[in-house]
There are 2 protein chains.
Amino acid sequence: MTRKPVERGDVIPLLGEIFREHGYAGASLSAITERTGLGKGSLYHFFPDGKDEMARVVLDDVADWFETQVFAPLRDSEDAAAGIDHMFRAVVQFFHSGRRVCLVGTFALDETRDRFAVEVQSYFSAWTRALASALRRRGLKTRHARETAEDVVAGIQGALVLARSQDDPALFVRAMKRLQQRTRAV
Amino acid sequence: MTRKPVERGDVIPLLGEIFREHGYAGASLSAITERTGLGKGSLYHFFPDGKDEMARVVLDDVADWFETQVFAPLRDSEDAAAGIDHMFRAVVQFFHSGRRVCLVGTFALDETRDRFAVEVQSYFSAWTRALASALRRRGLKTRHARETAEDVVAGIQGALVLARSQDDPALFVRAMKRLQQRTRAV
DNA sequence: TCTACGTTGTACCGATCAGTACATAACCCG
DNA sequence: CGGGTTATGTACTGATCGGTACAACGTAGA
């Protein structure tokens, strides 16, 4: 029975949840210590640059997850349609059927965007480009593929807002179903 | 030349911009005094309950604007298509072609939602219901009208997120054009 | 002019903010 | 068993947080 197998990597998902729920400004150090169970000593040992570094690490973690689980399959899958279907499955899973909010979307809306402008910008542009690539391989013209990709990514983000505003995860799941249908009708 | 025609009503739009840019948690009293030019004395004279009351008044103001400028026309306009077109024009104007963010959407994402749960919930439900009503009068079945309305409102919110993430207002305007097109193809 | 009221600036409150310092403790390797 | 590194709790910093108290101000009506 090991005492505390707490590694830096273990707290990253917890930090993600905190930033999602409170936003960057609202995520106080006290909320972070409470949720992670780590004192300030440990926190600043793992993340010497404080809150800024914590958020950056989380953003990086999210970007990595989407790159391997969503973007790469969209770009590289032999069957483009399968890659897209896989995206929707991954998205529903990642956002806990609409109960979880998009960290990057949260950061994008308020002044936090300025602090993490590059990360926020590249997350969404990578997503739309990867999806557009899959749609092109499904036969859509370049322009139409890019437009549809933007609509779908925006639709996902908006559905998260709407589902949370109504406290109704089912709304999100239904919206994903319809967006998926739209990518099939080519 | 009157000295200071500052009335309570004059500061509400300013408060709106502050909450939009910083979110509720990030909108500090010092930011508010700076932006409005009003000291704490005046601020707490006009809004005795402090930040909470300020945000509530702003939410109310926004809800009123949308009710009269968007929802009512959607519901009551003889020509449903004209009501919908009017909505898109009003939306592009209100959100400054995507340069401005949705206050209610911002509040919906983080824990601020709990504080203003009722206001946030009713804003979006009023919007989707009003739009669904117009779509029904355009000939869509009840269910299809409601689904399309949810897609459109979510699409608007998502487009705001995306446009801001890319610092590209044109993205928002193009997305509105396409959503409008979708409401025409019945 | 005098008074009454709406408005304002300023000083102050305790609480909390992010971040630092540092002594101690737990751990790993020899 | 050492000894060195890693991790952690605690106490502290100055700044800022939201909010209150209150005296002084401006103006309007009598």
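Order of the sequence lines sets the chain letters (A, B, ...), proteins ahead of strands, with each chain counted from 1. These numbers come from a predicted model, not from an experiment. Atoms considered below: every heavy atom in the structure, side chains included; atoms not considered: hydrogens, waters and symmetry mates.
- The distance from atom CZ of A/Phe46 to atom P of D/dA7 is 5 Å, rounded to the nearest whole Å.
- In this structure, A/Arg8 places its CZ atom 21 Å from P of D/dT5, rounding to the nearest Å.
- Comparing A/Tyr44 and B/Ser42, the nucleotide of DNA chain C nearest to each residue sits closer to the 5' end for B/Ser42.
- Applying the ring-ring contact (aromatic ring centres under 6.0 Å, His included) definition to pairs two or more places apart or across chains, those involving residues 78-97 of chain A are A/Trp65-A/Phe94, A/Phe66-A/Phe94.
- The CG atom of A/Leu43 sits 13 Å away from the P atom of C/dT20 (whole-angstrom rounding).
- Remark: B/Arg8 engages B/Glu53 in a salt bridge, criterion side-chain N to carboxylate O under 4.0 Å.
- The side-chain contact (heavy atoms from CB on, under 4.5 Å) test applied to A/Arg115 returns A/Tyr24, A/Asp52, A/Arg56, not counting sequence neighbours.
- Across the protein-nucleic acid pair, A/Glu7 atom CD and C/dA26 atom P stand 19 Å apart, rounded to whole Å.
- What separates NZ of A/Lys40 from P of D/dG9 is a distance of 13 Å, to the nearest Å.
- Qualifying side-chain contact (heavy atoms from CB on, under 4.5 Å) partners for A/Ser133, counting only residues two or more places apart in sequence or in other chains: A/Arg75, A/Arg136, A/Arg137.
- Near DNA chain C, meaning a heavy atom under 4.0 Å from it, residues 22-34 of chain A has A/Ala27, A/Ser28, A/Leu29, A/Ser30 in order of number.
- For the salt bridge (charged side-chain N to carboxylate O under 4.0 Å, His left out) test, no residue two or more places apart in sequence or in another chain qualifies with A/Arg99.
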Would you tabulate the side-chain donor-acceptor contacts of residues 27-35 of chain A under 3.5 Å, counting partners in other chains and residues two or more places apart, or write 'none'?
from: A/Ser28; atom 1: OG; to: A/Ser30; atom 2: OG; distance (Å): 3.1
from: A/Ser28; atom 1: OG; to: A/Ala31; atom 2: N; distance (Å): 3.1
from: A/Thr33; atom 1: OG1; to: A/Leu29; atom 2: O; distance (Å): 3.3
from: A/Thr33; atom 1: OG1; to: A/Ser30; atom 2: O; distance (Å): 2.8
from: A/Arg35; atom 1: NH1; to: A/Glu21; atom 2: OE1; distance (Å): 3.3
from: A/Arg35; atom 1: NH2; to: A/Glu21; atom 2: OE2; distance (Å): 2.9

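- Between A/His45 and the phosphate of D/dT8, there is no side-chain N or O to OP1/OP2 separation shorter than 4.0 Å.
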